[in-house]
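As structure tokens, the structure follows; a few thoughts come after it.
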Amino acid sequence: MAPSTEIPSTPAPAENPFGQVLVALVTPFTADGEVDWASVEKLIDSVIVDGADGIVVTGTTGETSTLTDAEKVRLVEVGKSVADGRAKIITGGGSNETAHAMQLAKQSEKAGADGNLVVTPYYNKPTQAGVLTHFRMIADATDLPVILYDIPGRTGIPISYDTILRAAKHPNILAIKDAKGDFSEVSRVLNRTDLLYFSGDDSNVLPHLAIGATGLIGVTNNIAARPYRIMIDAVNAGDLATATAMHKALEPLVRATMTHVPGTVAVKYILHGLGRISSPRVRLPLVGPEEWEAAKIEDEIDLVRTIPGLSFTNFRPDRNAAAGGALPKIPGTTR
């Protein structure tokens, strides 16, 4: 595939330390499940060239739960080196243990991270008082600006409206990534706080932007960052027609990445088929798409028409290579 041509992007507002087109980066692995650092560097550079101004490494899409702390820190370091000032590097792992999340934040800050995406503590199911304390202590642990991550479908609990209002008073908590889908609550929070809102649902990016969101932290833009850059720039310029055209063009690709298998699995399958990463491997308990799942992904891809900066002409999916998941040499829970 021919390299993309770098395009100018509209800078995010000065008060926004994160960017507007943020990629929830997948972590490319070799066939045996180890981090493929050459593919990591290539992928980071390609999405920046296509208009991303923020990269979230070690987030959910980056398979944070099966990465070691050493891998997470190195991803920040590699991201900073490759970005070279062109995009912000946000650490996105967090933990459901407050002490561990604080430790990761400190290590990431030392490695050069520009911000910290902090997910609601999962599995423990704390009260909202516990959620708020978790966020405040992590925010206190470093000088990094914090994005709260509200995704009850994965964590088991939401960040309640009242908790968001209270957390927003912390000087380091500046933003929230919303994957809850409650648009009326988004509007209420935007009216009551100065928080920056980031869409965390690829199918709802334009609706979020339309009611005042700052940008997106997306999965599909691992594959196609340029149309999201165009969408954001169009919204910034008040050009709804162009933004809507990008939304419509992206719809089948978003369906391909977010509907049939976990987003990480679909994105790696597609990126590998495009020749942009060396392997579609994921770490267990994630596995590659089964034959029928791969067929559904490819059926959605067949519906993709013109997307700026993306062509499926040379798409060559490798269903055998995608099968199964890998066990890394070092378990991800090792600190």
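Only a predicted model underlies this, so the values are computations on that prediction, with no experimental measurement involved.
A donor-acceptor pair is defined here as one N or O able to donate and one able to accept, closer than 3.5 Å; no such pair exists between the side chain of Asp32 and the backbone of Ala326. Judged purely by atom type and a 3.5 angstrom limit, Glu71 uses its side chain to pair as donor or acceptor with the backbone of Thr68. Between the side chain of Asn124 and the backbone N or O of Pro126 there is no donor-acceptor pair closer than 3.5 Å. In this structure, the side chain of Glu109 engages the main chain of Asp143 through a donor-acceptor pair within 3.5 Å. Glu293 places a side-chain N or O within 3.5 Å of a backbone atom of Glu290 that can act as its donor or acceptor partner. Within the 3.5 Å criterion, the main-chain N or O of Asp36 finds no donor-acceptor partner in the side chain of Ser39. Side-chain atoms of Asn221 never come within 3.5 Å of backbone atoms of Ala224 as a donor-acceptor pair (strictly under, hydrogens ignored). With hydrogens and angles disregarded, a donor-acceptor distance shorter than 3.5 Å links the side chain of Thr133 to the backbone of Ala129. Without hydrogens or angle criteria, Thr58 side chain to Gly92 main chain gives a donor-acceptor distance under 3.5 Å. Between the side chain of Gln128 and the backbone N or O of Ser160 there is at least one donor-acceptor pair closer than 3.5 Å.
For the pair Lys177 and Tyr149, the cation sits on the ring face: its NZ or CZ lies under 6.0 Å from the ring centre, inside 45° of the axis. Stacking of Arg188 on the aromatic ring of Tyr161 is recorded, both the 6.0 Å distance cut-off and the 45° axial limit being met.
Using modelled atom types, one finds a donor on one side chain and an acceptor on the other under 3.5 Å when comparing Asp182 with Ser184. Side-chain polar atoms of Thr61 and Thr264 form no donor-acceptor pair below 3.5 angstrom. Side chains of Thr30 and Arg281: a donor-acceptor N/O pair is absent below 3.5 angstrom, by distance only.
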| request: Apply the test side chain to side chain donor-acceptor pair (under 3.5 Å) to residues Asp233 and Gln20: give CA-CA distance (whole Å), side-chain angles for both, the deciding distance (0.1 Å), then the verdict. | output: CA-CA 10 Å; Asp233 288 349; Gln20 289 187 284; over 6 Å; no

| said: Walk me through whether Phe198 and Asp178 qualify under side-chain contact (heavy atoms from CB on, under 4.5 Å). | reply: CA-CA 6 Å; Phe198 289 91; Asp178 181 85; over 6 Å; no

| task | Before giving the answer on side chain to side chain donor-acceptor pair (under 3.5 Å), spell out for Arg276 and Ser46 the whole-Å C-alpha distance, their side-chain angles and the decisive distance to 0.1 Å. | result | CA-CA 9 Å; Arg276 291 174 57 187; Ser46 70; 3.3 Å; yes

| Steps toward salt bridge (Lys or Arg N to Asp or Glu O under 4.0 Å) verdict (Glu63, Lys268) | CA-CA 12 Å; Glu63 298 178 71; Lys268 284 190 170 183; 2.6 Å; yes

| request: Check the pair Asp114 / Lys80 against salt bridge (Lys or Arg N to Asp or Glu O under 4.0 Å), numbers first and verdict last. | output: CA-CA 9 Å; Asp114 296 298; Lys80 287 291 288 186; 3.2 Å; yes

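In this structure, CG on Leu209 lies 14.0 Å from OH on Tyr197, to the nearest 0.5 angstrom. Separating the OG1 atom in Thr98 from the CZ atom in Arg136 is a distance of 13.0 Å, to the nearest 0.5 Å. Taking CD of Glu298 as the reference point, atom CD1 of Ile270 lies at 9.0 Å (rounded to 0.5 Å). Residue Lys106 holds its NZ atom at 11.5 Å from CD1 of Ile138, rounded to the nearest 0.5 Å. Here the CE atom belonging to Met102 is positioned 10.0 Å from the NE2 atom belonging to His134, to the nearest 0.5 angstrom. Within the model, atoms CG of Leu196 and CD1 of Ile173 stand 13.0 Å from one another, a figure rounded to the nearest 0.5 Å.
Remark: Asp162 does not engage Arg166 in a salt bridge, criterion side-chain N to carboxylate O under 4.0 Å. Salt-bridge annotation for Asp45 and Arg86: present, with a side-chain N of the basic residue lying under 4.0 Å from a carboxylate O of the acidic one.
Counting all heavy atoms, side chain and backbone alike, Leu274 lies closest to Ser311 at CD2-O, 3.5 Å. In plain terms, the two heavy atoms of Ser203 and Val254 that are nearest each other are N-CG1, 3.9 Å. Closest heavy-atom contact between Leu165 and Thr193: CD2-CG2, 3.5 Å.
Hydrophobic clustering of Ile, Leu, Val, Met, Phe, Trp and Tyr side chains at less than 4.5 Å, counting indirect connections, unites Ile232 with Val47. One hydrophobic cluster, built from ILVMFWY side chains closer than 4.5 Å, holds both Val189 and Ile157. A single hydrophobic cluster is not seen to contain both Leu216 and Leu148; linkage of ILVMFWY side chains at heavy-atom distances under 4.5 Å, directly or through other members, places them apart.
The side chain to side chain contact (heavy atoms under 4.5 Å, CB included) search around Asn204 returns Phe183, Asp201, Pro207, His208, not counting sequence neighbours.
Counting non-hydrogen atoms of other residues, nucleotides and ligands closer than 6.0 Å to NZ of Lys180 gives a total above 12.
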